[in-house]
Amino acid sequence: SRLLELGGQNALAYETVLEWNDVQDLLANQVVTIETVDELWESLPKKALRDGVGEGIDVNAFLAFNSVLEDISGSEMME
């Protein structure tokens with residue numbers, strides 16, 4: 001799947017990450033809970049969004065987030 005569009009921002013907002021199809025699929029299939037996604041999000045370094053409203057994660061943090069989700073979903077598939 002493709003990386004998320006930044007939409008003119010310098011970082012991805014939480015809402016944008018939640019709307020990502022891969023996250024939606026994992027939540028819908030109960031591979032992860034929203035609490036797990038929240039905990040992962042909270043553990044990532046944030047930066048202010050370009051529009052000054054809120055904060056988000058940069059590409060490196062997103063890749064780390066995605067890697068953890070892949071590890072979780074991979075381990076769920078093995079069970």
Mind listing the closest non-hydrogen atom pair of Ser43 and Leu40 along with its distance?
->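 Nearest heavy atoms, Ser43 then Leu40: OG-O, 2.6 Å.
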
Can you name the nearest heavy-atom pair linking Gly56 to Ala11, along with the distance?
->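 For Gly56 and Ala11, the tightest heavy-atom pair comes out as C-CB, 3.8 Å.
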
If you measure from [atom1] on [X] to [atom2] on [Y], what distance do you get to the nearest 0.5 Å?
| X | Y | atom1 | atom2 | value |
| --- | --- | --- | --- | --- |
| Leu26 | Thr36 | CG | OG1 | 10.5 Å |
| Asp38 | Tyr14 | CG | OH | 3.5 Å |
| Glu39 | Leu44 | CD | CG | 12.0 Å |
| Asp25 | Leu69 | CG | CG | 11.5 Å |
| Asn66 | Asp71 | CG | CG | 9.5 Å |

Tell me if a side-chain donor or acceptor on [X] pairs with a main-chain N or O of [Y] at a distance below 3.5 Å.
| X | Y | answer |
| --- | --- | --- |
| Lys46 | Trp41 | yes |
| Glu55 | Leu49 | no |
| Asp58 | Asn60 | yes |

Establish, yes or no, whether a centroid distance under 6.0 Å links the rings of Trp20 and Phe65.
->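 No, too far apart.
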
Audit row: Ile34, Leu18, side-chain contact (heavy atoms from CB on, under 4.5 Å) steps and yes/no = CA-CA 9 Å; Ile34 191 68; Leu18 274 186; 3.6 Å; yes

